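Note that the coordinates shown come from a computational prediction; the quantities given were computed from them, not determined experimentally. Chain letters run A, B, ... following the sequence lines, proteins first, then strands; residues in each count from 1.
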Amino acid sequence: MPELPEVETVRRRLLTCLPGLLVRDVLLNDATVSEQSEPELRALLAGRRVTGLRRRGKYLIVDLGAPQRPGRQAEEPAAAAASAATAVSPAASAAPAASPALPAASPAAPSASPAAASAGPTVAVIHLRMTGQVLFRPGPAERPPRFVWLLEPRTELHFQDVRRFGRLWAFPPAREAEFFAGMGPEPFGEDFTVEYLRRELEGRRAPLKSFLMDQRRIAGVGNIYADEALFRARLHPLRASGSIGPREARRLHAALLETLQAGIDHEGSSIESFVDPAGVRGSFQEILSVYQRTGEPCRVCGTTLRRTVVGGRGTHFCPHCQPRRGGMSPGSRRLQGSETPPRPGKTAGGGPPAV
DNA sequence: AGTGGCTCCTGGCGGC
DNA sequence: TGCCGCCAGGAGCCAC
C-alpha cells in the first residue's frame with residue numbers, strides 16, 4: 001500500500017529518468033482512472049516536457065512545461081495513439097464505459113477546461129491508492145495499463161493498477177492550492193512541529209490510529225506507518241487522541257519521522273504490490289515491528305502481537321509495549337479485551353498463531 | 001463539528 | 001476440484 005515513503009521512492013526513481021522528456025501523447029485504457037476525458041487530459045499533458053517531480057502526502061505531482069510547437073499538437077498525438085494502442089496493449093480499446101457511479105476523485109477536484117489550460121504549464125497528479133504502479137519503460141504486462149504516457153525520446157510510462165482505485169488529474173498550476181486545500185502538513189516540512197501535533201491532538205476523542213491516518217491532520221501516513229509509528233512511540237492505537245500528554249506527543253512526533261524516514265531509506269514496503277518505476281521491490285516489510293505480524297513475538301519484549309480494528313482498518317500492536325493507560329477513545333470501550341485472536345493464513349491478519 | 005461506517009475494486013484465501 | 005463469499009485498504013461521501 002503506497003504511503004508517503006513509497007510515493008517518495010517512486011518520485012526519486014522517476015527523477016533519474018523523466019525530467020526533460022516530452023509527453024507525446026496520453027492514452028486512457030480505463031476511463032474511470034480520471035474524471036477528465038482522454039481529450040481533456042491530452043490537451044493538458046501532451047506536447048509538454050516534464051520539468052519536475054514533487055510529492056504532496058501520497059500524491060505524486062509531475063510538473064509539465066508550456067506546450068511546444070502548439071501548431072503540431074493536433075496531428076501528432078493522434079498518429080502516435082493509433083500505433084501505440086496496438087503496440088502497447090491489444091485490449092487497450094476495450095476500455096469499459098465510464099461507470100455511472102464514477103467515484104468523486106479529489107478533495108476539491110478542479111475541472112480544468114482544455115482550452116483555457118493549454119497555453120501555460122500544467123501539473124499532473126497521480127494517486128496510487130492501493131495497488132497503483134508507475135512503471136517507466138515497462139516490459140510486457142499481464143493486463144493493459146490504466147493509462148499510458150508516450151514519451152519522446154521513445155519510451156513509455158505505464159500506470160498499472162489491479163484494484164483500480166488509483167487516480168490521475170491534470171490542471172494548471174494555479175489550481176494546485178485548491179486541489180490540496182485541507183490537506184495537513186508534510187511530516188518532513190517546517191509546519192509539522194511537536195507544537196502543531198499537540199494542538200491537533202488536543203480535545204479530540206478519535207483513537208490515535210485514526211488521527212494519524214487522517215490526511216487533514218498529517219499528510220502521507222497510512223495504515224502500515226501508523227501502526228509502526230505507534231509501536232515506536234509505545235502508544236496504544238485506541239488511546240483517545242486528546243489524552244496524549246506533552247511527553248507522549250514528543251515521542252509520537254519523533255516516532256513518526258523516524259518510521260517514515262526508515263521507510264524511505266528502505267525504498268518502501270512491498271507488502272502487496274508496490275514496486276518502484278523500475279519494477280524493484282522495497283525492503284521495509286522485512287523490518288516491520290508489528291504490521292501484519294499478529295501472533296508473532298514482539299521484537300522488543302517477546303509478547304505475542306495482537307490485532308484489532310480501528311476505524312475499519314486492521315491494526316497491529318504489542319499489548320505490553322503499547323499499554324492502554326491514559327484514557328481510551330469512547331468507541332473503544334466495547335473493543336477492550338476483544339481483539340481478534342491471531343488468524344492463521346489470513347492475508348492481512350498476520351502470520352501464524354503463537355502457540 | 002467530529003466521527004464512524006459504507007462504498008469502490010480485485011485477488012487470494014477459507015470453507016463447503 | 002470447483003465454486004461461493006469474505007477480506008484487505010485510501011479516501012470520498014453520508015448519516016448520526
Side-chain angles (χ1 to χ4, degrees), chain A residues 1-7 29-35 56-60 95-96 98-110 125-133 142-144 146 159-169 179-184 200-227 237-242 269-274 285 291-294 307-316 328-335 340 342-353:
Chain A
M1 286 134 283
E3 304 179 26
L4 186 155
E6 287 73 29
V7 180
N29 293 333
D30 178 353
T32 64
V33 77
S34 180
E35 62 200 23
R56 181 78 175 93
K58 304 174 192 174
Y59 292 82
L60 179 69
S99 155
L102 188 67
S106 79
V125 177
I126 300 168
H127 199 304
L128 307 175
R129 292 281 177 92
M130 301 294 301
T131 55
Q133 299 176 348
E142 289 175 22
R143 67 185 71 241
R146 297 186 71 204
F159 185 70
Q160 289 280 0
D161 184 20
V162 169
R163 288 188 199 172
R164 301 172 62 202
F165 280 175
R167 293 290 180 267
L168 166 70
W169 302 265
F179 186 86
F180 291 114
M183 181 173 277
E200 289 295 314
L201 287 165
E202 200 176 342
R204 291 193 193 282
R205 294 171 300 163
L208 262 186
K209 166 80 178 266
S210 302
F211 173 89
L212 291 183
M213 289 183 60
D214 187 341
Q215 302 301 298
R216 295 168 299 179
R217 314 291 165 224
I218 311 164
V221 179
N223 210 28
I224 298 173
Y225 294 91
D227 279 7
L238 282 171
R239 281 277 299 276
S241 303
S269 317
S270 295
I271 288 174
E272 289 218 354
S273 60
F274 171 74
Q285 71 278 4
Y291 186 77
Q292 290 198 354
R293 292 193 64 236
T294 313
R307 178 186 185 275
T308 185
V309 175
V310 183
R313 299 291 173 252
T315 298
H316 315 77
M328 304 293 291
S329 71
S332 69
R333 296 283 172 208
R334 64 177 179 272
L335 287 168
T340 52
R343 295 184 298 167
K346 191 65 212 81
T347 331

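Atom-to-atom, CZ of R205(A) to C1' of dG4(B) comes out at 11 Å; the value is rounded to the nearest Å. Taking atom NZ of residue K58(A) and atom P of nucleotide dG9(C), one finds them 12 Å apart after rounding to whole Å. Note: CZ (R313(A)) to P (dG10(C)) measures 6 Å, nearest angstrom. Between M213(A) atom CE and dA11(C) atom P there is a gap of 8 Å when expressed in whole angstrom units. One atom, CE of M130(A), and another, C1' of dT7(B), lie 14 Å apart when rounded to the nearest Å. Regarding R167(A), its CZ atom lies at a distance of 11 Å from the C1' atom of dG10(C), rounded to whole Å. Here dA1(B) presents its P atom at 19 Å from CD of E202(A), a figure rounded to the nearest Å. Taking atom CZ on R129(A) and atom P on dG11(B), their separation rounds to 18 Å, with Å as the unit.
For R164(A) and T131(A), the side-chain atoms include no donor-acceptor pair closer than 3.5 Å.
Judged by centroid separation below 5.5 Å and plane tilt below 30°, F165(A) stacks onto the base of dG10(C).
The side chain of R307(A) approaches dA8(C) more closely than any other nucleotide in the set dT3(B), dG10(C), dA8(C). Across dG11(B), dT3(B), dG10(C), the shortest atom-to-atom separation from the side chain of R216(A) is found for dT3(B). Closest to the side chain of P207(A), out of dG9(C), dG4(B), dA11(C), is dG4(B). Distance from the side chain of R164(A) is smallest to dC9(B) among dG2(B), dA11(C), dC9(B). Of the candidates dA11(C), dT3(B), dA8(C), dT3(B) carries the atom nearest the A206(A) side chain, counting heavy atoms from C-beta on.
In this model, the phosphate group of dG10(C) is not approached by any side-chain N or O of H127(A) to a distance below 4.0 Å at OP1 or OP2. Using a 4.0 Å cut-off, no side-chain N or O of Y291(A) falls inside it from OP1 or OP2 of dA8(C). At least one side-chain nitrogen or oxygen of R143(A) sits closer than 4.0 Å to the OP1 or OP2 atom of dG11(B).
By the 4.5 Å heavy-atom criterion applied to side chains, Q133(A) and L128(A) are not counted as neighbours. In this structure, the side chains of L238(A) and K209(A) stay at 4.5 Å or more apart for every pair of heavy atoms.
Nearest-nucleotide positions on DNA chain B place G311(A) closer to the 5' end than the other of V162(A) and G311(A). Toward the 5' end of DNA chain B, the nearer of the two residues G312(A) and R217(A), judged by each one's closest nucleotide, is R217(A).
Between Y59(A) and F180(A), the ring planes lie perpendicular to each other; the angle is over 60°, past the 30° to 60° tilted range.
The ring-ring contact (aromatic ring centres under 6.0 Å, His included) search around F211(A) returns none, not counting sequence neighbours.
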